[in-house]
**Q** 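I have a structure here, written as structure tokens, and I will follow up with some questions on it.
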Amino acid sequence: MEFLWGGGLKRETVALLPGAWNPPTLAHLAMAEASLNWADEAVLVLPRAFPHKAPEGAPLGRRAEWLVELAARHPGLGVAWSEGGLFIDMAREVRQALAASRVLLVCGRDAAERIVGWDYGANDSIERQLREYELLVAPRQGEYVPPAGLAARVHALHLGDGWHEVSSSEVRTRIAAGQEWASLVPAEIRDSVRGAY
């Protein structure tokens with residue numbers, strides 16, 4: 001894990017928010033800030049490779065710049081590149097980088113369903129992976145209810161109302177259609193986002 005912002009001190013508990021950040025939204029920022037109720041630092045993670053999709057849209061370097069701009073203006077946030085694209089890879093990377101004793105992976109309901117249902121092969125399982133990290137799940141078009149066997153390692157991340165429909169996909173759709181989109185994106189990066197799409 002290569003830190004671009006923060007990460008300089010040992011952290012007892014770290015929350016990792018991995019994403020494509022194409023572009024970052026106000027919902028992402030709300031999730032990051034809410035996760036600080038659980039962790040000493042919330043790290044916005046940009047994987048160099050994605051396990052379930054090819055990168056498209058803004059270049060990865062531009063996305064990293066957006067994340068650093070946000071972290072610089074919001075205390076408690078860090079930014080890092082991850083070499084691995086899976087949550088278990090990121091958890092192991094941050095443990096090595098910061099010696100964190102507790103790692104929380106933050107995601108929305110849709111991502112939690114994908115992660116829990118993913119086929120990790122015969123030699124791995126989500127049950128085994130969740131011994132190394134915990135999930136912190138924000139509602140997205142509904143609350144996530146984990147399988148009973150995982151409930152002790154999966155926690156609800158409470159956000160205020162109004163975030164369910166805010167997504168990077170919605171921003172890109174609105175930009176492509178010539179509709180209003182700026183209210184979904186942090187003010188610090190709006191001009192740069194406008195130029196990227």
**Q** Shared ILVMFWY cluster between V154 and V145, side chains joined below 4.5 angstrom?
**A**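 No, separate clusters.
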**Q** P75 and L36: which non-hydrogen atoms are nearest, and at how many Å?
**A**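 Here P75 and L36 meet closest at O-CD1, 3.7 Å.
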**Q** Looking at S101, is its backbone amide N or carbonyl O close enough to the side chain of E12 to form a donor-acceptor pair, meaning the two atoms are under 3.5 Å apart?
**A**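 The answer is no, because no donor-acceptor pair under 3.5 Å joins these two groups.
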**Q** Is the closest side-chain heavy-atom distance between L135 and L130 below 4.5 Å?
**A**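 Touching, per the 4.5 Å side-chain cut-off.
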**Q** Salt bridge check, E113 against R140: does any charged N sit closer than 4.0 Å to a carboxylate O?
**A**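 The answer is no: the pair does not qualify as a salt bridge.
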**Q** Which value, rounded to the nearest 0.5 Å, describes the distance between M31 atom CE and C107 atom SG?
**A**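 One finds 6.5 Å between CE of M31 and SG of C107.
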**Q** Quick one, V137 and L157 - any side-chain contact, counting heavy atoms below 4.5 Å?
**A**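 When only atoms from C-beta onward are counted, L157 and V137 do not touch, as no gap falls below 4.5 Å.
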**Q** Just by distance, do the side chain of R63 and the backbone of N22 share a donor-acceptor pair under 3.5 Å?
**A**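 Between the backbone of N22 and the side chain of R63 there is no qualifying donor-acceptor contact (under 3.5 Å).
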**Q** Determine, stepwise, if the pair E69 / S192 fulfils side chain to side chain contact (heavy atoms under 4.5 Å, CB included).
**A** CA-CA 11 Å; E69 181 69 22; S192 182; over 6 Å; no
**Q** Between the side chain of E41 and the main-chain N/O of G6, is any donor-acceptor distance below 3.5 Å?
**A**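 Here the side-chain-to-backbone pair does not exist.
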**Q** Quick one, L184 and E170 - any side-chain contact, counting heavy atoms below 4.5 Å?
**A**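 Contact flag for L184/E170 side chains = yes.
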**Q** With side chains defined as the heavy atoms from C-beta onward, is the minimum distance between S168 and H28 less than 4.5 Å?
**A**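 Counting from C-beta outward, S168 and H28 do come under 4.5 Å.
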**Q** What's the verdict on side chain to side chain contact (heavy atoms under 4.5 Å, CB included) for V43 and L17, showing C-alpha distance, side-chain angles and the deciding distance?
**A** CA-CA 6 Å; V43 181; L17 287 80; over 6 Å; no
**Q** Report the distance from atom CH2 of W81 to atom CE of M1, rounding to the nearest 0.5 Å.
**A**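 The CE atom of M1 is 12.0 Å from CH2 of W81, to the nearest 0.5 Å.
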**Q** For L16 and V106, run side chain to side chain contact (heavy atoms under 4.5 Å, CB included): C-alpha distance rounded to whole Å, both residues' side-chain angles, the deciding distance at 0.1 Å, then the answer.
**A** CA-CA 6 Å; L16 301 179; V106 183; over 6 Å; no
**Q** Answer whether the closest heavy-atom distance between the side chains of W163 and L26 falls below 4.5 Å.
**A**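 Result yes, sub-4.5 Å side-chain heavy-atom pair found.
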**Q** If every non-hydrogen atom of W21 is compared with every non-hydrogen atom of V45, which pair is closest and at what distance?
**A**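 Looks like NE1-O, 2.8 Å.
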**Q** Could you measure the distance from the CD1 atom of I115 to the CZ atom of F87? Nearest 0.5 Å is fine.
**A**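 Here the interatomic distance stands at 3.5 Å.
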**Q** Are P24 and L67 packed together at the side-chain level, in the sense that at least one heavy-atom pair is separated by less than 4.5 angstrom?
**A**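 With C-beta onward as the side chain, the pair touches.
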**Q** Mind listing the closest non-hydrogen atom pair of V185 and P23 along with its distance?
**A**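 Smallest heavy-atom distance, with atoms named: CG2-CG, 4.5 Å.
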**Q** So, do W66 and V193 sit near enough that their side-chain heavy atoms are less than 4.5 Å apart?
**A**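 W66 vs V193: side chains touch.
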**Q** Please give me the minimum heavy-atom distance between R190 and A182, naming the atom from each residue.
**A**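 What the structure gives for the nearest pair is NE-O, 2.8 Å.
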**Q** Heavy-atom distance under 4.5 Å between the side chains of H74 and E33, does that happen here?
**A**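 The answer is yes, as the side chains (C-beta and beyond) meet within the 4.5 Å cut-off.
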**Q** How many angstroms lie between atom CD of E132 and atom CZ of R95, to the nearest 0.5 angstrom?
**A**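 Going from the CD atom of E132 to the CZ atom of R95 covers 7.0 Å.
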**Q** Do E180 and R174 meet the salt-bridge criterion of a basic N to acidic O distance under 4.0 Å?
**A**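 Yes.
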**Q** Without swapping roles, check the side chain of D124 against the backbone of G121 for a donor-acceptor pair under 3.5 Å.
**A**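 No; zero donor-acceptor contacts below 3.5 Å.
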**Q** Which value, rounded to the nearest 0.5 Å, describes the distance between W38 atom CH2 and R102 atom CZ?
**A**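 Here the rounded value is 6.0 Å.
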**Q** List the steps, then state whether side chain to side chain contact (heavy atoms under 4.5 Å, CB included) holds for T13 with L104.
**A** CA-CA 8 Å; T13 303; L104 300 158; 4.0 Å; yes
**Q** With a 4.0 Å cut-off, would you call R73 and E188 a salt bridge?
**A**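 E188 and R73: not salt-bridged.
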**Q** So which heavy atom on T25 is nearest to which on S167, and how close?
**A**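 It is CG2-C, 3.6 Å.
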**Q** What is the minimum heavy-atom distance between I126 and L150, and which atoms define it?
**A**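 Closest approach of I126 to L150, heavy atoms only: CG2-CD1, 4.1 Å.
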**Q** Look up atom CG in L70 and atom CH2 in W5, then write down how far apart they are to the nearest 0.5 Å.
**A**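 That separation rounds to 11.5 Å.
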**Q** So does E127 pair up with R131, basic N to acidic O under 4.0 Å?
**A**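 Salt bridge absent between E127 and R131.
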